[in-house]
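A, B, ... follow the sequence lines: proteins, then strands. Residue 1 opens every chain.
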2 protein chains.
Amino acid sequence: MMEDMMKEMAMGDFEAAGIDAERCTRALAPVRDALYVLNGKWKFPIIIAMVQGNKRFGEIRKAVDKIAAKVLSNELKELELNGFLVRKVHDTFPVSTEYVLTEYSTTLGPVMNELWKWGTMHREKIMKQVDAKESKTAPHPIS
Amino acid sequence: MMEDMMKEMAMGDFEAAGIDAERCTRALAPVRDALYVLNGKWKFPIIIAMVQGNKRFGEIRKAVDKIAAKVLSNELKELELNGFLVRKVHDTFPVSTEYVLTEYSTTLGPVMNELWKWGTMHREKIMKQVDAKESKTAPHPIS
DNA sequence: CTGAATCCCTGACGATACTG
DNA sequence: CAGTATCGTCAGGGATTCAG
């Protein structure tokens with residue numbers, strides 16, 4: 001159902017979907033669920049950092065540019081609650097902790113990939129606009 | 001480069017990526033760009049509503065559950081700035097306005113589709129957990 | 001080193017009322 | 001109908017400090 005809508009969308013056929021409040025609501029729900037779990041500035045950056053092999057609190061913190069310790073702590077808890085990672089405390093001294101991605105986190109692969117592809121494409125578009133000095137009203141998404 | 005990473009991820013091979021701060025930063029940038037443009041609670045819901053044929057301010061407002069007029073107004077401006085839609089004012093009385101998705105907005109199709117698929121999958125997972133009364137610590141993403 | 005606790009502040013979001 | 005103006009709330013996020 002939504003699949004169709006998206007295919008239509010990818011093809012630029014916007015009219016076909018039609019107006020239907022109920023259909024709209026149903027279509028919305030899963031997207032909002034996803035957004036609910038993946039909310040905030042940090043979820044994706046943290047997961048990316050971890051995919052790249054960072055497991056220790058400090059490592060992740062450095063990999064994710066300038067995130068505050070408290071925030072990272074909170075985000076890690078949320079990610080753990082949602083089953084994306086597991087916390088392993090090693091009883092050494094000083095205590096060291098490992099955060100390990102679960103298999104469930106791999107289900108995010110396609111989402112992240114699409115996000116990455118889109119971001120790359122969009123970035124190039126913005127760059128060209130800047131080069132061409134088109135946008136007086138700069139949409140400023142550049143980092 | 002990131003493609004590989006994501007393939008690895010989809011296959012559950014987390015170790016392979018290795019630790020590399022520079023690589024991490026580069027991988028992060030496009031994702032954050034995307035998140036920057038698509039931020040907030042409302043961007044996706046609004047676009048979905050519009051894909052489904054809603055063009056008028058009031059229509060969109062009704063289709064998107066309970067969004068405040070001010071907020072909708074702001075979001076529409078942002079979406080326009082980022083080239084996702086065009087505002088067309090008809091000089092009738094009372095004034096009517098049309099918001100029309102641009103072709104550029106279609107590039108979001110794949111992203112939204114993945115988001116929708118993942119959300120659907122995740123929702124089912126949560127439902128099962130609730131049924132099984134597993135989660136005392138309910139991850140509560142249900143709407 | 002890890003990460004919890006505290007304090008604080010900005011900005012996203014919301015409700016209501018009002019104008020063209 | 002389509003917004004703007006105004007005011008208010010609250011959580012995300014940041015700086016700093018403290019403890020195991």
Side-chain angles (χ1 to χ4, degrees), chain A residues 19 28 31-32 35-47 49-50 53-82 85-100 139-141 143, chain B residues 19 28 31-32 35-47 49-50 53-82 85-101 137 139-141 143:
Chain A
I19 303 174
L28 231 50
V31 175
R32 299 210 50 172
L35 265 41
Y36 182 93
V37 174
L38 302 170
N39 63 18
K41 281 168 74 172
W42 301 115
K43 298 287 186 311
F44 279 105
I46 289 171
I47 292 176
M50 292 186 67
N54 301 296
K55 294 177 187 293
R56 305 283 303 280
F57 189 89
E59 285 174 356
I60 299 172
R61 210 184 156 190
K62 255 168 276 172
V64 177
D65 188 41
K66 300 302 175 195
I67 184 174
K70 178 186 124 188
V71 177
L72 178 54
S73 185
N74 286 339
E75 299 288 304
L76 287 171
K77 275 177 203 162
E78 273 186 55
L79 290 172
E80 190 182 13
L81 261 184
N82 285 312
L85 58 82
V86 174
R87 210 181 102 122
K88 289 181 183 171
V89 181
H90 297 267
D91 205 4
T92 59
F93 185 82
V95 182
S96 83
T97 314
E98 257 193 341
Y99 295 88
V100 182
H140 96 266
S143 44
Chain B
I19 304 174
L28 229 52
V31 175
R32 299 207 53 169
L35 265 40
Y36 182 93
V37 173
L38 302 170
N39 62 18
K41 279 169 74 172
W42 299 114
K43 298 287 186 311
F44 279 105
I46 289 171
I47 293 177
M50 292 185 67
N54 301 296
K55 296 177 186 294
R56 307 280 303 277
F57 189 89
E59 285 174 356
I60 300 174
R61 209 184 156 191
K62 255 168 277 173
V64 177
D65 188 42
K66 300 302 175 194
I67 184 174
K70 179 188 124 187
V71 177
L72 178 54
S73 183
N74 286 338
E75 298 288 304
L76 287 172
K77 276 176 200 163
E78 273 186 56
L79 290 171
E80 190 182 13
L81 260 185
N82 285 311
L85 58 83
V86 174
R87 207 179 103 125
K88 289 181 182 171
V89 181
H90 297 261
D91 205 4
T92 58
F93 185 81
V95 181
S96 84
T97 314
E98 257 192 343
Y99 295 88
V100 183
L101 288 173
T137 37
H140 96 267
S143 44

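Considering only side-chain N and O atoms, A:T97 lies under 4.0 angstrom from the phosphate OP1 or OP2 of C:dG3. Between A:R56 and C:dT2 there is a side-chain N or O to OP1 or OP2 distance below 4.0 Å.
One can place OH of A:Y99 at 15 Å from P of C:dC1, the figure rounded to the nearest angstrom.
In this structure, the side chain of A:N39 engages the main chain of A:Y36 through a donor-acceptor pair within 3.5 Å. With A:R61 contributing its side chain and A:A68 its backbone, the two residues share no donor-acceptor pair below 3.5 Å.
Among all heavy-atom pairs drawn from B:W42 and B:D65, the shortest one is CH2-O, 3.9 Å. Taking both residues in full, the closest heavy atoms of B:L35 and A:P45 are given as CD2-CD, 4.5 Å, listed atom of the first, atom of the second, then distance. Taking both residues in full, the closest heavy atoms of B:A49 and B:N54 are given as O-ND2, 2.8 Å, listed atom of the first, atom of the second, then distance. Heavy atoms only, all atoms of each residue included: A:I60 and A:M50 are closest at CD1-CG, 3.9 Å. Heavy atoms only, all atoms of each residue included: A:G53 and A:E59 are closest at O-OE1, 4.3 Å. The two residues B:L101 and B:I47 come nearest to each other via the heavy atoms CD1-O, 4.3 Å.
Residues passing the side chain to side chain contact (heavy atoms under 4.5 Å, CB included) test with A:E80, sequence neighbours excluded: A:L85, A:R87. Residues meeting the salt bridge (charged side-chain N to carboxylate O under 4.0 Å, His left out) test with A:K43, sequence neighbours left out: A:E75, A:E78.
Rounded to 10°, the angle separating the first-five-pair axis and the last-five-pair axis of the helix from C:dC1-D:dG20 to C:dG20-D:dC1 equals 40°.
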Margin query: Return a single string for nucleotides 5-20 of chain C, one symbol per nucleotide in 5' to 3' order, where B is base contact, S is sugar-phosphate-only contact and - is none, cutoff 4.0 angstrom on heavy atoms.
Written below: -BB-----BBB-----
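If you check every strand for non-hydrogen atoms under 4.0 Å, B:F93 touches nothing.
Using a 4.0 Å cutoff to heavy atoms of chain B, the contacted part of DNA chain D runs 5' to 3' from D:dC1 to D:dC7.
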